[in-house]
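Shown next, in structure tokens, is the structure this report addresses.
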Amino acid sequence: MRTLSLLHVTKCYGDLTALSDFTMRFEPGIYGILGANGAGKSTMMNLITDNIQRDEGQILYGKRDILELADKFRGVLGYMPQQQGIYEHMTAESFVSYIGRLKGLKGAELREECERVLELTNLSDVKHKTAISFSGGMKQRLLLAQALLGEPQVLLLDEPTAGLDPRERIRIRNFIKELSKDRIVLLATHIVSDIESIADQVLLMKKGKLIKTDTPQQLIDSIPDSWTPVAHYVSLEDVYLYYLDADSEETGR
Ligand SMILES: Nc1ncnc2c1ncn2[C@@H]1O[C@H](COP(=O)(O)OP(=O)(O)OP(=O)(O)O)[C@@H](O)[C@H]1O
Ligand SMILES: [Mg+2]
């Protein structure tokens, strides 16, 4: 099983450093990424998908840089973008099939993979319907379905449960938990409770920097007794407030 390593990765937009000297090694498991708006979570994912170019540093899958691996790395990568990229006039089936073809699948393999991911995300019954008729949760599941094509070893999920009602959110959260076996899952979200219940490791990001990473429990235990939590017991939300909201800025920048 290969590891994914970001080594001193930096990305700037003009004067703004969106990701700053970011170093982290990912092994199979779920990594929850927490940080305020603008902290650099999506930038990190966009660098891993090679949608944007880094200014400095290396991103290695195993021992080789992902830019060198190119298509070989894209073949093991699944990405659910933050902004909904669904062509709403397409049926669920034609949408995943379209993405599957972009990923290089064809023929019987393409058909089988499409069926498998639609089944996994409970969309088989509505596969001939156009996405415009879907609820928010169904659209998110469809985006998740396309990310799962080809059994990706590295799965990047950028706010997969944004805007969902609690029931649908918990459903997607449970999917993610089930899917995480033997793969690297990076999950960016503002729903701290989702991360608390499924993440093996949490990354706390602020102003483009990785400021702390540990297991949810270790992070909770790291808060000093002298710091008064909002609730009666300390939760991961308190970890967020303690480490990321210390000077109560409006944004993560
Ligand atoms: N194409 C771009 N041009 C200029 N600045 C950008 C661009 N993309 C992102 N940024 C800036 O980089 C910083 C990091 O943005 P990013 O989208 O990575 O944050 P985020 O942690 O994903 O935030 P959110 O929680 O809102 O999704 C922000 O200040 C953002 O405005
Ligand atoms: Mg984002």
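Read the numbers this way: they start at 1 and go in the same order the structure lists the ligands and their atoms.
For residue Ser42, an N/O/S atom approaches the Mg ion (ligand 2) to within less than 2.8 Å. Coordination check, Met45 versus the Mg ion (ligand 2): failed, since every N/O/S atom of the residue sits at 2.8 Å or beyond.
Of all heavy-atom pairs between Glu196 and Ile220, the closest is OE2-CD1, 3.5 Å. Closest heavy-atom contact between Ile59 and Leu47: CD1-O, 3.7 Å. Closest heavy-atom contact between Phe95 and Met90: CA-SD, 3.9 Å. Tyr79 and Gln146 get closest at one heavy-atom pair: O-NE2, 3.0 Å. Summarising the geometry of Glu113 relative to Leu148, their closest heavy-atom pair is OE1-O, 4.0 Å, with the distance given to 0.1 Å.
Here's the thing with Ala18: none of its N/O atoms is less than 3.5 angstrom from an N/O atom of ligand 1. Residue contacts with ligand 1: Ala39 is placed with a nitrogen or oxygen under 3.5 Å of a nitrogen or oxygen of the ligand (distance criterion only). Taking any N or O of Gly35, backbone or side chain, none lies under 3.5 Å from an N or O belonging to ligand 1.
Only the side chain of Leu16 comes within 4.0 Å of ligand 1, counting heavy atoms alone; its backbone N, CA, C and O stay farther away.
At least one heavy atom of Ala36 lies less than 4.0 angstrom from ligand 1. Contact annotation: Met205 has no heavy atom less than 4.0 Å from any atom of ligand 1.
Taking a cut-off of under 4.0 Å to the non-hydrogen atoms of His190, the atoms of ligand 1 that pass are 25 (O). Applying the 4.0 Å criterion to heavy atoms of Ser42 picks out, from ligand 1, the atoms 17 (O), 18 (O), 20 (P), 22 (O), 27 (O). Under a 4.0 Å criterion applied to the non-hydrogen atoms of Glu159, ligand 1 contributes the atoms 25 (O), 27 (O). Interface atoms of ligand 1 facing Gly40, defined by a heavy-atom separation under 4.0 Å, are 14 (C), 18 (O), 19 (O), 20 (P), 21 (O).
The distance from atom CG of Asp55 to atom OG of Ser20, rounded to the nearest 0.5 Å, is 11.0 Å.
Between Lys207, Gln82, Lys41, Met44, it is Lys41 that holds the heavy atom closest to atom 20 (P) of ligand 1. Considering each of Thr17, Thr189, Thr43, the one bringing a non-hydrogen atom nearest atom 15 (O) of ligand 1 is Thr43.
Dense packing is recorded around CD of Glu88, with more than 12 heavy atoms of other residues, nucleotides or ligands lying under 6.0 Å away.
Asp214 and Ser222 share no donor-acceptor pair across their side chains, judged by distance under 3.5 Å alone. Glu56 and His8 share no side-chain donor-acceptor pair at under 3.5 Å.
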